[in-house]
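Chain naming here is simple, since letters A, B, ... match the order of the sequence lines and numbering starts at 1 in each.
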Number of protein chains: 2
Amino acid sequence: MSRLAKTDADMVRAHNRLAVLDHLRRVEVTTRKAVSEATGLSVSAASAICGTLVRCGLLEEIEEDDRSIRRGRPGKNLVLCGRAGRVAALKIAVGEVSGRISDYAGRPLAETRQKVDLSGQSGETLVALLATLAGELVELAAQGSQEAPGKRLDKIVVAVQGKTHSDLSGIVWSPALKHRDIEIAAPLAARLSADVSVLNDCSLMPEAFRWRPDFTGLDFATLFVGFGVGMGLRINGATFQGKHSSAVEFGHINHLPGGALCRCGNRGCVEAYAGDYAIWRRATGGEEIPGHRIPDADMAALADAARAGDEAARAAFAEAGNAIGYGLGRVFTMIDPLPIVLTGSGAQAIDLLEPAIRRGIRESAVDGLGAETPLILREDTDALVFDAGTAFALAALDGEFARSAAEATEAA
Amino acid sequence: MSRLAKTDADMVRAHNRLAVLDHLRRVEVTTRKAVSEATGLSVSAASAICGTLVRCGLLEEIEEDDRSIRRGRPGKNLVLCGRAGRVAALKIAVGEVSGRISDYAGRPLAETRQKVDLSGQSGETLVALLATLAGELVELAAQGSQEAPGKRLDKIVVAVQGKTHSDLSGIVWSPALKHRDIEIAAPLAARLSADVSVLNDCSLMPEAFRWRPDFTGLDFATLFVGFGVGMGLRINGATFQGKHSSAVEFGHINHLPGGALCRCGNRGCVEAYAGDYAIWRRATGGEEIPGHRIPDADMAALADAARAGDEAARAAFAEAGNAIGYGLGRVFTMIDPLPIVLTGSGAQAIDLLEPAIRRGIRESAVDGLGAETPLILREDTDALVFDAGTAFALAALDGEFARSAAEATEAA
DNA sequence: AGACTTTTTCCAAGCCTCGGAAAAAATGGT
DNA sequence: ACCATTTTTTCCGAGGCTTGGAAAAAGTCT
């Protein structure tokens, strides 16, 4: 009925514990006093909460000879306890699955990658594949350190190229798979007895910067330009998740009515100009959509040709940049001019794209606002997705721990 | 530093009081028991809070012979107390200022409207004009009821055509005014000793539905099509406010690269096809932007001509619908397919626009998603803006009351 | 070794909300 | 007319969390 729910002491406790955990995510190491200052809690309350979290096993006190020449009683250093949990970020892409496992402190423990032809696979096979991948990661992590062998995962995030359900339960459609509507979260959770969330890779990306001090309070967009074109948005401090498609389908925002043919069946989408296949066909004079994915090496070669003066290649990249620029201009007009984090093969060809991108923004945004927006390059897309999935998982875990707060029953 | 702030008993109290007030905004009349059920608070807590709010003068108990044939002790009816405050919604448009004053219960007390040539006015004159307008409204309201004469306003919302500062302090630019960067909130607040917020009219519109049960939890867009084209968004239960321009500049989302000339100086904006002036020049074969605002009567006549079979007029409306449709398709691709509340002169010509709008959405959104989205007409734009401004003001007032909670010192 | 400084812990107090019991206010049956 | 029943409201003690100040702890400086 009512939109506003009540609040009580339990929620106060959970909220404040989460505030403490959130602070630790940002600073790595802190003291009770610093927690008090960062959160606004009284020193008594901050100290009490820290004490509880240490007893819960979420935090631990470490001896660290900071030895800054300060007088007075030195603060006890507190850090997140890696042993409190484990999360995995898995990634489903065309012809490949990969993943990273991290401990509760966010330290990566292991990564793995596996080429595999997914296209014809059923949902069960895919879930089995992911379960195996997760098992491998746990195995690899166990080799690294001898403690807590065979420990289960607490939370798994699956990042998928393509459209996912907004309830994080599975895949609606993916270019990596022939089948549609594949349920992932429930069956994978049952197999691994871990919480599973399935999200679109691009819309997840802003999570990678969740605790980065230089991005705190900043709204920005992540832009993937490669075989497809996708976007993630951080607005008002929250990562945007649509109700319907879960993602900002930037690549399918119409660029030119009745324009070039896109994989989605429509005409004139941004992707139909800026996707790898679009740049390729434009440079090679085709109009069809290539049946195969253009290898990264081929795209790199094409970029080099453009740099060497190949006119068709130059024009193809310029047209791609123009479509991206107009798309960004449209987004900026709607939302706000935003800094852009760029990744994918487009980041490698940024020298060819940037002038056209900025010109496109200038021509399409009111007062050309946003044409000078910062462009931050992150060439390693996989790392970005792993960072994002891990942050998403850890944030969710923090929330659960803050709520449940199982105080460890200590001996004597 | 940290993004998460602490919570304490004060915030719990404020939050729960706000939950009670929010419930009352939705139901008009309630009882302590019903409050408990709606908010999730225990009956004791709900009763205690209601008691306090009654003593604060925000709520009052009324005798109402509901006389439904129920046994048991009848609940005491509670309603918002109109005398607890007064808010005004003012509107600045091209050649006109208008306003409505309402009591704390949201009941309109008076409205006024005044044709005036604003274009060359300075900021001081504009503020003086608004102050006079507000004074008139207070006067009119005092005539209606004899109690509390000369009572001041608690909160004023100024809705403006054009771009406003995101801190709600004033106008960046408006088609109604020649001057730019006009400070409104501070000087008007000083004159009237009331809190003042300045917002874009279109982005404010979703607030009109804030407490409407049929819109609760629903994301939707409000679309104004008239002399300009603007949009308001309600996303994830919040009315979207950009950091930079405060508004979704839907009218200036690019429709066709290098297309028709727009008032903003760019080419190909949606407004350059769908604004009154754009439809007019297209129908009359011009390419220039008319120097004057096309009167509503002329637009109505043009629509009638189109209905009577005038080909140029039909084509002009169809082209406008197409641009709107592509614009919506682009928005839907980014955000989500959303129901649309349509207002402005475009609502009067919806029969001419709708087919082209839906075709445009179908051609530009992925899978044509959103082409069948509900289109809700609200022909009275002023009423919509007043509703929205009033709701915005009352919501802000509720928040302040819930926080401050000045318990009235009762005699004896 | 003693004075000083800074961090941490401890304790009583204040606010909320909660749950159950008691009171209040009306209806229905005998 | 009176008593049992039903439903709403109020009252009261308990529990939980934060607060502020005092006391304790753990170093540095002279």
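- Taking atom NE2 of residue A/H15 and atom P of nucleotide C/dC16, one finds them 18 Å apart after rounding to whole Å.
- With a 4.5 Å cut-off on side-chain heavy atoms, A/R17 and A/L53 count as touching.
- Here A/N16 does not reach the OP1 or OP2 of D/dC17: none of its side-chain N or O atoms lies under 4.0 Å away.
- Put simply, CZ on B/R17 is 13 Å from C1' on C/dT17, counting in whole angstrom units.
- Counted by atom type alone, B/R152 and B/S193 present zero donor-acceptor pairs between their side chains at under 3.5 Å.
- Taking B/D167 as the reference, nothing meets the salt bridge (charged side-chain N to carboxylate O under 4.0 Å, His left out) condition, with sequence neighbours excluded.
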| Base-contact (B) and sugar-phosphate-only (S) positions in nucleotides 11-16 of chain D, heavy-atom cut-off under 4.0 Å, - elsewhere | B-----

| query | Taking only Watson-Crick and G-U wobble pairs with both distances under 3.5 Å, what dot-bracket line describes DNA chain C, where [ ] shows pairs that cross earlier ones and | shows pairs with another strand? | reply | ||||||||||||||||||||||||||||||

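- With contacts defined as side-chain heavy-atom distances shorter than 4.5 Å, the pair A/Q241/A/S203 qualifies.
- Atom NZ in B/K33 sits roughly 15 Å away from atom C1' in C/dA26 (whole-Å rounding).
- For the OP1/OP2 pair of D/dT10 and a distance below 4.0 Å, the side-chain nitrogens and oxygens of B/R32 include at least one atom meeting the criterion.
- Residues B/N236 and A/K243 are in side-chain contact: their nearest non-hydrogen atoms beyond the backbone lie under 4.5 Å apart.
- Seen from the ring of A/Y104, A/R25 counts as a face-on cation partner, given the 6.0 Å and 45° thresholds.
- At whole-Å resolution of the value, CD in B/E61 and P in D/dT8 are 15 Å apart.
- At a threshold of 4.5 Å between non-hydrogen side-chain atoms, the residues B/E28 and B/V79 do not count as touching.
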| request: Please step through salt bridge (charged side-chain N to carboxylate O under 4.0 Å, His left out) for the pair B/E207 and B/R210, ending with a clear verdict. | output: CA-CA 5 Å; B/E207 286 291 307; B/R210 170 183 268 265; 2.8 Å; yes

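- A donor-acceptor contact under 3.5 Å links the side chain of B/R71 to the base of D/dT5.
- Of the residues near DNA chain C, B/V43 and B/G72, the one whose nearest nucleotide (by heavy atom distance) lies more toward the 5' end is B/V43.
- Taking all atoms of both residues into account, the shortest heavy-atom contact from A/L80 to A/E60 is O-OE2, 4.2 Å.
- If you take CG of A/L78 and P of C/dT7, they are 13 Å apart, rounded to a whole angstrom.
- Remark: P of C/dT8 and CZ of A/R55 are 15 Å apart, rounded to the nearest angstrom.
- The CD-P distance, from A/E63 to D/dG27, rounds to 9 Å in whole Å.
- Of the residues near DNA chain C, A/R73 and B/P74, the one whose nearest nucleotide (by heavy atom distance) lies more toward the 5' end is A/R73.
- Comparing A/S42 and B/E37, the nucleotide of DNA chain D nearest to each residue sits closer to the 5' end for B/E37.
- Look at NZ on A/K76: it is 17 Å from P on D/dA24, rounded to the nearest Å.
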